[in-house]
Amino acid sequence: VQLQASGGGLVQAGGSLRLSCAASGRTFSSYVTAWFRQAPGQERDFVAAITGSAISTCYADSVKGRFTISRDNAKNTVYLQTNSLKLEDTAIYYCAAAKLYYTGCSYLATGQAYDVWGQGTQVTVSS
């Protein structure tokens, strides 16, 4: 599986963006997929994850109620709908995937759970 993230851009605070993570490969529905983000000078942080079947989702506390992760396995794509964006949401957003079973959000929130990473897409929130 290879991943291609897109959809980033410049948006005013309070605005919205929908990020997409397009995957190659016919078994994408078997992959847990996640979004991470990294702001300048900071560590990479978990944002959200979704299981292959989309039955389970996980979110960082900082984005709960504002961001929604979803997937369309027919299109081999995972989405991250970002609403009510804040200045602190400014970062490069990366999607990642791994072929594993859901064992809880704690593990899926760690970067080590994923062995496939896409390039990032920049999200910049302005005041």
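Values reported hereafter were calculated over all heavy atoms of this structure, with side chains retained and with hydrogens, waters and symmetry mates removed.
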**Study point:** Distance under 6.0 Å and angle within 45° of ring axis: Arg44 vs Trp117
**Key:** yes
Partners of [X] by side chain to side chain donor-acceptor pair (under 3.5 Å), sequence neighbours excluded?
{"X": "Arg66", "result": "Asp89"}
{"X": "Thr124", "result": "Gln122"}
{"X": "Asn83", "result": "Ser16, Gln81"}

Exercise for review: Begin from the C-alpha positions of Ser126 and Leu10 and carry the test side-chain contact (heavy atoms from CB on, under 4.5 Å) through to its verdict.
Suggested key: CA-CA 7 Å; Ser126 65; Leu10 175 64; 4.1 Å; yes
Practice item. Any chance you could lay out the side-chain contact (heavy atoms from CB on, under 4.5 Å) test for Ile69 and Tyr59, step after step, and finish with the verdict? Key: CA-CA 9 Å; Ile69 190 169; Tyr59 293 94; 3.4 Å; yes
To the nearest 0.5 angstrom, please state how far the [atom1] atom of [X] sits from the [atom2] atom of [Y].
{"X": "Ile50", "Y": "Cys58", "atom1": "CD1", "atom2": "SG", "value": "9.5 Å"}
{"X": "Thr121", "Y": "Ile92", "atom1": "OG1", "atom2": "CD1", "value": "9.0 Å"}
{"X": "Gln2", "Y": "Ser24", "atom1": "CD", "atom2": "OG", "value": "4.5 Å"}
{"X": "Asn76", "Y": "Ser29", "atom1": "CG", "atom2": "OG", "value": "8.0 Å"}

Check your understanding: Is there a side-chain contact (heavy atoms from CB on, under 4.5 Å) between Leu3 and Phe28 once you walk through the steps?
Key -> CA-CA 10 Å; Leu3 305 175; Phe28 184 58; 4.3 Å; yes
Review point. So among Val47, Thr68, Leu85, which one has a side chain to side chain contact (heavy atoms under 4.5 Å, CB included) with Val63?
Key: Val47
Please name the pair of heavy atoms, one in [X] and one in [Y], separated by the smallest distance, quoted to 0.1 Å.
{"X": "Trp35", "Y": "Leu80", "result": "NE1-CB, 3.5 Å"}
{"X": "Phe36", "Y": "Ala109", "result": "CE2-O, 3.7 Å"}
{"X": "Leu108", "Y": "Ala113", "result": "CA-CB, 4.5 Å"}
{"X": "Thr90", "Y": "Val125", "result": "OG1-N, 2.9 Å"}
{"X": "Thr77", "Y": "Ser20", "result": "CG2-CB, 4.1 Å"}
{"X": "Cys21", "Y": "Thr33", "result": "SG-CG2, 4.5 Å"}

Exercise for review: Tell me, yes or no, whether the heavy-atom count around Ile55 atom CD1, taken from other residues, nucleotides or ligands under 6.0 Å, exceeds 12.
Suggested key: no
Exercise for review: Following the transitive rule for hydrophobic clusters with a side-chain heavy-atom cut-off under 4.5 Å over Ile, Leu, Val, Met, Phe, Trp and Tyr, establish whether Phe67 and Phe46 coincide in one cluster.
Suggested key: no
Is the closest side-chain heavy-atom distance between [X] and [Y] below 4.5 Å?
{"X": "Leu100", "Y": "Tyr107", "answer": "yes"}
{"X": "Leu19", "Y": "Ser6", "answer": "no"}
{"X": "Tyr114", "Y": "Val32", "answer": "yes"}
{"X": "Val1", "Y": "Tyr31", "answer": "yes"}
{"X": "Glu43", "Y": "Gln38", "answer": "no"}
{"X": "Thr82", "Y": "Val123", "answer": "no"}

Exercise for review: Carefully, step by step, assess Tyr79 and Arg71 under the rule side-chain contact (heavy atoms from CB on, under 4.5 Å).
Suggested key: CA-CA 6 Å; Tyr79 304 99; Arg71 68 190 300 152; 5.8 Å; no
Practice item. Please check if any side-chain donor atom of Arg37 sits under 3.5 Å from a side-chain acceptor atom of Tyr93, or the reverse. Key: yes
